[in-house]
Undergrad: 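Got a structure for you, written out below as structure tokens; questions coming shortly.
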Number of protein chains: 2
Amino acid sequence: MRISEGVEWGIHCCTLLAALPPDRTLPSARLAEYHGVPPAYLAKHLQALSRAGLVESVPGPRGGYRLARSAAQITVLDVVEAIEGNEPAFECTEIRQRGPIAQAPECYPRKCGVARTMWAAEAAWQAALRAQTIDDLVAGVIEEAPPAALTAGVEWLRQAAR
Amino acid sequence: MRISEGVEWGIHCCTLLAALPPDRTLPSARLAEYHGVPPAYLAKHLQALSRAGLVESVPGPRGGYRLARSAAQITVLDVVEAIEGNEPAFECTEIRQRGPIAQAPECYPRKCGVARTMWAAEAAWQAALRAQTIDDLVAGVIEEAPPAALTAGVEWLRQAAR
DNA sequence: GTCCCTATACTCGGATAGCAAGTGTCCGAGTATAGGCGG
DNA sequence: CCGCCTATACTCGGACACTTGCTATCCGAGTATAGGGAC
């Protein structure tokens, strides 16, 4: 069980886009440059964020990406599911209904207890991610980031934004 | 993010081994037959459970597997980590320290806020799995399983146990 | 009849192929801009 | 001088290779048993 590297990139990109002035956009190449990651591969993940409706894309020169809604209305879970997909991590194959002692399917009205346990844990995981918004993360960055990085970041963003 | 199929098999195997009379063993091939899964592949996962110290293996004829400790002392998390490994699902690559505005490493005393959020969610997931023991699952099966399957299962186990 | 030895059959354990999904990259479709041209 | 047109350059979006890890399988090392033979 491993979470894709793209999730980390996607969250960081959203936090940076949250710091963008309204009605401005930031191209994919600039986002990659800011984070020091491969531009082509980051573009792939940004497409996923766009498909999920978390960011808007503007084509052409002076185009780029911006958040589709307020940073306070985008949860970390939104980003994770946009990148990783929203299918459950645990898939029950109903092996209790296989093998020599299996009964007819209608004898198993409730879901398998193993699956219920795994899904309950997954729900707890999702709840924790849903409780945290991109806005919360931005606040944390402003709170904790090195002051020099903050000023440099703001200046960098001012020049890179379109 | 996808949980290996072996996790499901491992948990079901532990619940079946919990129903085994004390000091009896069940061979890998019988476990596979009971659950209707490929024997050779299940054997691989049982090795992982053995390495993790959750089950004991007895070699030779009349050999097989049995739980290494009480079913009440084996949590679902134990089984999941035995199969999937105990490394965190989210790995922080510290991309905040990359790119043009990165500062010296000593300027980042705390862990990245993104990583803290992801790890907190993972901790909630683990806590949910740690709260559930194999014994709890067995109780659930006895409670909910079709009566015919229960009696057939006990009889099957009586003949298959060594 | 009893004890010992040997061959057997059955178990686990690790080493070995095959395949799907994540990782990484590229090029084409579309658009706002900038410059040139005509009025 | 002003407006329009065209070529350009830059953006996103989807299609195409490569690598890692999960899926699946097999064979070898080790051991308790069962049978046969010797005493």
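So you know, we letter chains A, B, ... as the sequences are listed, proteins then strands, and number each from 1.
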Undergrad: Please report the distance, rounded to the nearest Å, between CZ in A:F90 and C1' in D:dC22.
TA: 16 Å

Undergrad: Tell me which nucleotide among C:dG13, D:dT23, C:dA32 gets nearest to the side chain of B:Y65.
TA: C:dG13

Undergrad: Measure the distance from CD1 on B:I3 to C1' on D:dG21 and round it to the nearest whole Å.
TA: 16 Å

Undergrad: In whole Å, I'd like the distance from the CD atom of A:E8 to the P atom of C:dG22.
TA: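 Nearest whole value for this atom pair: 17 Å.
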
Undergrad: With the threshold set at under 4.0 Å for non-hydrogen atoms, list the residues of residues 25-54 of chain A touching DNA chain C in residue-number order.
TA: A:P38, A:A40, A:Y41, A:K44

Undergrad: In whole Å, I'd like the distance from the CZ atom of A:R62 to the C1' atom of D:dT11.
TA: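 Taking atom C1' of D:dT11 as the reference, CZ of A:R62 is at 13 Å.
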
Undergrad: Roughly how many Å is it from CD1 in A:I83 to P in C:dG22, rounded to a whole number?
TA: 12 Å

Undergrad: In whole Å, I'd like the distance from the CE atom of B:M1 to the P atom of D:dG21.
TA: 18 Å

Undergrad: Which nucleotide in the set D:dA24, C:dG22, C:dT31 lies at the smallest distance from any side-chain heavy atom of B:E5?
TA: D:dA24

Undergrad: Rounded off to whole Å, could you give me the CD-to-P distance for the B:E91 and D:dT20 pair?
TA: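 After rounding, the reported distance stands at 15 Å.
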
Undergrad: Salt bridge check, A:E144 against B:R116: does any charged N sit closer than 4.0 Å to a carboxylate O?
TA: yes

Undergrad: Following the transitive rule for hydrophobic clusters with a side-chain heavy-atom cut-off under 4.5 Å over Ile, Leu, Val, Met, Phe, Trp and Tyr, establish whether A:Y108 and A:I95 coincide in one cluster.
TA: no

Undergrad: Using 0.5 Å steps for rounding, measure from the CE atom of A:M118 to the CH2 atom of B:W125.
TA: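 Reported to 0.5 Å precision, the distance equals 5.5 Å.
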
Undergrad: Within the structure, does a side-chain N or O atom of A:S57 lie under 4.0 Å from either OP1 or OP2 of D:dG13?
TA: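 Yes, within the criterion.
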
Undergrad: With side chain to side chain contact (heavy atoms under 4.5 Å, CB included) as the test, would you mind laying out the steps for A:C112 and B:E8 before giving the verdict?
TA: CA-CA 11 Å; A:C112 172; B:E8 184 183 8; 5.9 Å; no

